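Heads up, the thing below is written out as structure tokens.
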2 protein chains.
Amino acid sequence: MSDDFDISPEDLAARAAWLSFVGEMTQDQIAQELGISRQRAQRLVARAYAEGLVKVRIEHPVAQCLELERQLRNRFGLSKARVAPGLGERGEPLRAISPYAAHEFEQIFQDPAAKIIAFGTGRTLRAVIDQMQSVDGGHHKVVSVIGNVAPDGSASFYEVIMRIADKTNAPHYPMAVPVLARNDEEFALYRSLPHVQNTIALADQADVAIMGIGQMNENAPLLLDGFITRDELDELRKAGAVGEIGGHIFDQNGHYLDHRINDRMLGVRVPINESPVLCVGGGEQKIAPLKCALKGKLITSLITDETTAIEILR
Amino acid sequence: MSDDFDISPEDLAARAAWLSFVGEMTQDQIAQELGISRQRAQRLVARAYAEGLVKVRIEHPVAQCLELERQLRNRFGLSKARVAPGLGERGEPLRAISPYAAHEFEQIFQDPAAKIIAFGTGRTLRAVIDQMQSVDGGHHKVVSVIGNVAPDGSASFYEVIMRIADKTNAPHYPMAVPVLARNDEEFALYRSLPHVQNTIALADQADVAIMGIGQMNENAPLLLDGFITRDELDELRKAGAVGEIGGHIFDQNGHYLDHRINDRMLGVRVPINESPVLCVGGGEQKIAPLKCALKGKLITSLITDETTAIEILR
DNA sequence: CCACTAAATGAGCATATGCTCATAATGGGA
DNA sequence: TCCCATTATGAGCATATGCTCATTTAGTGG
């Protein structure tokens, strides 16, 4: 059973993790089995875990969370709500939400009926997609509803279309323009580009949109990622901005803001032609935006965590 | 976040496991979070794990196993072969095979096309089904190809139809007769019962059969479970018995034995009308039966573990 | 109401784990 | 070829974990 000569490095990590989690072996046993030092075994297992080779799921609907899901659906007329058990005050909400959301995503892609699935961007969606298992979704198309170019011209770091395509083997259609045009002429120019028109046309046919949500406080993703300046942020907030979905900024009633900056967002707004909008997000800062988005019926399904759900329902 | 008053006991176990695996908390932190002692936290996590609430999957195709799968397919003309990484000499083969097989089972039930899925019995299938996640397979039917009554009249312990139905929510059709009739008259009687005829008729339409495999040595399941006596075992072995699938005994060429005991097996033989037969099994004792079953084309797909695969291919 | 059995709990301890640091190996550029 | 920077490795140690055992609690039958 001991390997005569080493193979790939990742292979060994997977094998060590397998022996650890499935075989329930101690690190000493693994080391012996693979003919390596205990130290190395420990590192291999840790690495496999860190790299996401090891997927842990808890198969049990926690009663309190089910109840919260029911309340969310009723209160806001959602077609679907999923609430992940909280990880306590100090726990990152994303860590709790990701496995739950990843499972939902997998389900969506396992649907045999071919679909056009629109995606937003952001840290949340990135984290969820990293958690997904590979599924065969080659019959679907994934399309971005938002530009994938950062203000400095680099590829937007939190673009997710490529990653979701990797996991699902689906044909992918990024929107290869900036998130935000700098003025109206630039907006018109970008919008007129053939590949943009194609992508937008495809997005317009989306059967479902999967989106994150952004807050408009001092940690606004739009600000952190350099899409708007602090002055513009202040200006938007004065105009009533509370949150944004796919870069499109809305007010406390969940209505998209009529504002020159908002008008230059190149992407497609949700909801798209009555199609369902699945929003993933949680954490203290997302509470206000989520409440407003729910109020304005911008989203039709929600995946969040326990703490956030409680606050939203308060 | 700390619970004010306790809810269900299993709920708490799931929550503790969640905090442990997803939240990566130490037991002390979990204890504090849930307002219990560290001891209790430890036990809750262990319990959740033992009860199978925690599902661990390794997402990485180990190269050596892929190669073995390829060789198995080529050598025996299998439509599908899956090889789980071995757990070393001391590891239970079942422990390695179960997660792999469970995943395959889930895939089968996630197929949207309604199917009739026939099942054998045995320790192996039991273990695999315990590992399965719940899936929505209500559009399929599961039917047993073998009786579910033990010689003492009790329900056969390793019958799996109920359990698979639990996991998949599929309508289920057990075969409510003994595995083996005691003589030809009894055989004719049982076979004539209406509910048996119904079940057999359904099984005859199966789109796929999922089976274990039994050895005919001194640890033969048929002997251990009291379906045949030691004398009968010896007699069968003298007649060339090497293994059995669904109770139907075959020889070294994978041909069903023409023998009075074999003729009294009440179930349906695989393959059923050219339908695929997925066999799950591994371990030293299964090697000979598997080789012969493969030789006789009794099975069309195989899920096994690394060590067994190597031996089969030797 | 008591006594008995079985399960749940907490303390203490042996072991497994993962982190830090010092050292060795590896690899890329001059 | 040598040198430097980066990465991999192993030893030692602090901590987390899980097991055993003694004790308590809960549940059951007399």
Side-chain angles (χ1 to χ4, degrees), chain A residues 1-58 60 62-63 85 87-92 95-96, chain B residues 1-58 60 62-63 85 87-92 95-96:
Chain A
M1 189 51 41
S2 55
D3 301 22
D4 310 326
F5 50 93
D6 294 43
I7 330 162
S8 103
E10 212 180 37
D11 225 63
L12 203 58
R15 201 175 272 272
W18 174 263
L19 294 174
S20 173
F21 288 94
V22 179
E24 287 181 9
M25 289 183 178
T26 112
Q27 294 178 352
D28 278 317
Q29 292 174 297
I30 296 169
Q32 192 175 0
E33 185 69 26
L34 298 177
I36 57 181
S37 73
R38 181 188 78 82
Q39 277 312 327
R40 187 127 184 258
Q42 195 278 339
R43 284 188 175 103
L44 284 171
V45 174
R47 183 181 149 191
Y49 197 80
E51 285 186 7
L53 293 180
V54 180
K55 297 269 161 48
V56 183
R57 297 263 160 93
I58 311 290
H60 186 80
V62 177
L87 291 177
E89 298 304 330
R90 301 217 44 80
E92 274 285 334
R95 187 185 279 279
Chain B
M1 189 51 40
S2 56
D3 300 24
D4 310 325
F5 49 94
D6 294 45
I7 329 159
S8 104
E10 213 180 35
D11 225 62
L12 203 59
R15 200 175 272 272
W18 176 263
L19 293 174
S20 172
F21 288 93
V22 179
E24 288 181 8
M25 288 183 179
T26 116
Q27 295 177 352
D28 279 315
Q29 292 174 298
I30 296 169
Q32 192 175 1
E33 184 68 27
L34 298 178
I36 57 181
S37 72
R38 182 188 77 81
Q39 277 312 326
R40 186 125 185 258
Q42 195 277 337
R43 283 186 174 106
L44 284 171
V45 174
R47 182 180 150 192
Y49 197 80
E51 284 184 8
L53 293 181
V54 181
K55 296 269 161 45
V56 183
R57 296 262 158 93
I58 311 289
H60 186 81
V62 177
L87 291 176
E89 298 304 331
R90 300 217 45 80
E92 274 286 334
R95 185 186 280 277

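Numbered from 1 within each chain, the chains take letters A, B, ... in sequence-line order. Remember, it's a predicted structure, so these values are computed and weren't measured experimentally.
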How many Å lie between CG on Leu19(B) and P on dA16(D), as a whole number?
-> 16 Å

Whole angstrom is fine here: how far is it from CD in Glu24(A) over to C1' in dT17(C)?
-> 16 Å

Ignoring backbone atoms, test whether Ser37(B) places a side-chain nitrogen or oxygen under 4.0 Å from the OP1 or OP2 oxygen of dG10(C).
-> yes

Name all residues meeting the side chain to side chain donor-acceptor pair (under 3.5 Å) criterion together with Arg43(B); count only those two or more places apart in sequence or in a different chain, and write none if there are none.
-> none

Of all residues at least two apart in sequence or in a different chain, which pass the salt bridge (Lys or Arg N to Asp or Glu O under 4.0 Å) check with Arg95(B)?
-> Glu24(A)

What heavy-atom pair brings Ile58(A) and Ala14(B) nearest, and what distance separates the two atoms?
-> CG2-O, 4.0 Å

Grab the two heavy atoms, one from Leu87(B) and one from Met25(A), that are nearest each other, plus how far apart they are.
-> O-CE, 2.7 Å

State, to 0.1 Å, how close Ala48(B) and Ala13(B) come at their nearest heavy-atom pair, and which atoms those are.
-> CB-O, 3.6 Å

Residues in side chain to side chain donor-acceptor pair (under 3.5 Å) contact with Gln27(B), at least two apart in sequence or another chain = Arg38(B)

Thr26(A) side-chain N/O to dT17(C) phosphate OP1/OP2 under 4.0 Å = yes

Tell me: CG of Leu12(B) to P of dA8(C), nearest whole Å?
-> 13 Å

Classify every nucleotide of nucleotides 18-24 of chain C by which part a protein heavy atom approaches to under 4.0 Å, writing B for the base, S for the sugar-phosphate alone and - for neither, in 5'-to-3' order.
-> BBB----

Is there a side-chain contact between Val62(B) and Trp18(A) (heavy atoms, below 4.5 Å)?
-> no

The salt bridge (Lys or Arg N to Asp or Glu O under 4.0 Å) partners of Glu51(B) (sequence neighbours excluded) come to Arg47(B)

Just how large is the angle between the end axes of the helix from dC1(C)-dG30(D) to dA30(C)-dT1(D), five pairs per end, to 10 degrees?
-> 30°

Write down the distance between CZ (Arg40(A)) and P (dA16(C)), rounded to a whole number of angstrom.
-> 21 Å

